[in-house]
Amino acid sequence: MPDAIVIGAGVIGSTTALYLAREGLSVTVVESWEQSGLGTSFANGGLVTPSTALPWCSPAVPGLLLRWLGREDAPLLLRPSAIPRLGIWGAKFLANCRSSKYLASSRQMTRFARESLEETEGLLAQKSVDFSLGHGGLLELFRGEDGVKARDTYANFLEALDVRVERRDGAECVALEPHLAAIAPTIRAGLLLPDDAWGDARAFTRAVETAARGLGVEFLFGTDVQGIDIEAGKIAGIRTSAGPIKTPVVVVCAGPGAKQIVKPYGIHLPIEPVKGYSISLMKSDLGFLPKRPIVDDIARLGVTPMSDHLRIAGTVEFDGYNKTVRPGRINNLIKAFNGLFPNVELPADYTPWCGHRPMSADGKPIVDATSVSGLYINTGHGALGWTLACGSAKMITNVVLRRPSTDASAFRLDRPFW
């Protein structure tokens, strides 16, 4: 009988298993996919962004949702068909768009993301996980007519959160990334975020799996969780498609699927799936890779260099659990790529993908114990799963072991979501 079961082998579940095993616990990970990192961790934007670990429920969002309602080319798309299911969650999300709530959450998230990156860097420096992050910072381009003003407003906000920023003009942006030369006249201003890192989140997840296996963690792939066994108010084990497993501790790290797993036991998670898209272009087809991630403020999409390919990712789409890869959303990514590199021909072979980010109503993850003794939650990270993975794994491990954890109260399940 394992000391703990982790449900989910994405970047959150795998890091959680690793951290529990580092404390000497025997751990089993149960995952419905055939390998680790095949869900939301598979082909996301590949960014580790402590500089912009901001909740999506910002003061600008309500107006943008109405402005872009149902528009296929919108960076932020609320499909009318998704409105009924959002219900109370949607009301809570909108309530968190108040300036005071947004600022408070931004401070908490930025601090947590910085701590999480330090934790990640520590794992890599110790060779606990065999993986290399890209360093050198993220470059954000401001190409609108009021680009300088928009950049400075954003930079001032980030600096108030103690984020390091470097203001750059158009020429300096091109100097940082010469492949932007074709659009140099359109770059009004730029912002370099030197503390941000990047890489392939799925490759990192696989590396974490290898490290966890080295500590005795067992991974059960292709295995569905059918229920949780509770006896006298305490966890007794889980039921799976491969049979029952006894354990006193279950940590649910199943992304947006966590909501349905714990609902039968009176636990209501205020999370909803938020769809994101990406395409991947091989370096051998492009003939180059940019030196660092680039975000375009016009398209609100970004490109991230991986070891042998370029990831173009972004968009926010409220579409329930629909897994359809919609051509219109992929066309947005192609347009974004062409907007940054107009002289580069798009390869005929690219890989479209979509994934569901687990978004909480206030944009902050839920990392906490539940009302059922031995049942824990680690989900709700939205688009910041990799950024917050190691920090969340450390925090939930402290919760399981009943140790104090810095800033844990901000991520409790019973916090007010209004």
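Sequential numbering from 1 along the given sequence is applied to the chain's residues.
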Q: Considering only residues two or more places apart or on different chains, which pairs with a residue in residues 47-62 satisfy side chain to side chain donor-acceptor pair (under 3.5 Å)?
A: Ser51-Asp196

Q: Quick one: ring pair (Phe, Tyr, Trp, His ring centres under 6.0 Å) partners of Phe411, sequence neighbours excluded?
A: Phe112

Q: Where do Val399 and Ala369 come nearest, in terms of heavy atoms and distance?
A: CG1-N, 3.8 Å

Q: Is it the case that the side chains of Thr304 and Arg311 hold a donor-acceptor pair, with the cut-off being a distance below 3.5 Å and no angle test?
A: no

Q: Kindly write out the residues that satisfy side-chain contact (heavy atoms from CB on, under 4.5 Å) with Leu64, not counting sequence neighbours, or none if the list is empty.
A: Ala60, Arg67, Trp68, Leu76, Arg300

Q: For Glu209, is there an ion pair with Arg213 - N to carboxylate O distance below 4.0 angstrom?
A: yes

Q: Determine, stepwise, if the pair Glu119 / Lys394 fulfils salt bridge (Lys or Arg N to Asp or Glu O under 4.0 Å).
A: CA-CA 8 Å; Glu119 193 69 29; Lys394 180 179 180 179; 3.5 Å; yes

Q: List for me each residue that meets salt bridge (Lys or Arg N to Asp or Glu O under 4.0 Å) alongside Glu166, sequence neighbours excluded, and say none if there are none.
A: Arg168

Q: Test of understanding: with side-chain contact (heavy atoms from CB on, under 4.5 Å), list the residues that count as partners of Asp229, not counting sequence neighbours.
A: Ala236, Arg239

Q: If you look at every heavy atom in Ala389 and Ile12, which pair is closest and at what distance?
A: CA-CD1, 3.8 Å

Q: What pairs meet the side chain to side chain donor-acceptor pair (under 3.5 Å) rule with one or both residues in residues 73-86, with sequence neighbours excluded?
A: Arg71-Asp73, Glu72-Arg79, Arg79-Glu317, Arg85-Glu272

Q: Using a strict cut-off of less than 4.0 Å between a Lys/Arg side-chain nitrogen and an Asp/Glu carboxylate oxygen, indicate whether Asp195 and Arg164 qualify as a salt bridge.
A: yes

Q: Enumerate the side chain to side chain donor-acceptor pair (under 3.5 Å) contacts for residues 138-152, please, sequence neighbours excluded, ordered by first and then second residue.
A: Arg143-Thr186, Arg143-Asp296, Glu145-Arg188, Asp152-Arg167

Q: Among Val251, Val250, Asn378, Val262, which residue satisfies the side-chain contact (heavy atoms from CB on, under 4.5 Å) criterion with Ile7?
A: Val250

Q: So which pairs with a foot in residues 164-209 pass ring pair (Phe, Tyr, Trp, His ring centres under 6.0 Å), sequence neighbours left out?
A: Phe131-Phe204, His179-Phe288, Phe204-Trp386

Q: Please find the pair of heavy atoms, one from Leu333 and one from Ile312, that lie closest to each other, and give the distance.
A: O-CG2, 3.7 Å

Q: Heavy atoms, side chains only, cut-off 4.5 Å: are Leu158 and Leu54 in contact?
A: yes

Q: Nearest heavy-atom pair of Ala201 and Asn44: which atoms, and what distance?
A: CB-OD1, 3.5 Å

Q: Quick check for you: to the nearest 0.5 Å, what is the distance between Gln108 atom CD and Lys364 atom NZ?
A: 3.5 Å

Q: Going by side chain to side chain donor-acceptor pair (under 3.5 Å), name the pairs with one or both residues in residues 348-361, residues two or more places apart or in two chains.
A: Ser360-Asp362

Q: Would you please name every residue forming a side-chain contact (heavy atoms from CB on, under 4.5 Å) with Ala9, sequence neighbours left out?
A: Ser14, Val29, Glu31, Ser36, Phe219, Phe221

Q: Does the salt bridge (Lys or Arg N to Asp or Glu O under 4.0 Å) test come out yes or no for Asp308 and Lys283, once each step is laid out?
A: CA-CA 5 Å; Asp308 61 355; Lys283 178 183 178 181; over 6 Å; no

Q: First locate atom CE of Met359, then atom CG of Leu384, and finally report the distance between them rounded to the nearest 0.5 Å.
A: 7.5 Å

Q: I'd like to check the ring pair (Phe, Tyr, Trp, His ring centres under 6.0 Å) partners of Tyr102; sequence neighbours left out, ordered by chain and number.
A: Phe157

Q: If you round to the nearest 0.5 Å, how far is CG of Leu193 from CG of Leu139?
A: 8.5 Å

Q: Decide whether Tyr321 and Gln260 meet the rule of one side-chain donor and one side-chain acceptor closer than 3.5 Å.
A: no

Q: Could you grab the distance from atom CD1 of Ile230 to atom NZ of Lys234, nearest 0.5 Å is fine?
A: 13.0 Å

Q: Once you round to the nearest 0.5 Å, how far does CD1 of Ile294 lie from CG of Leu180?
A: 4.5 Å

Q: Which residue pairs pass the ring pair (Phe, Tyr, Trp, His ring centres under 6.0 Å) test with at least one member in residues 289-310, sequence neighbours excluded?
A: none

Q: Please round to the nearest 0.5 Å and tell me the distance separating atom CD of Glu115 and atom SG of Cys390.
A: 13.0 Å

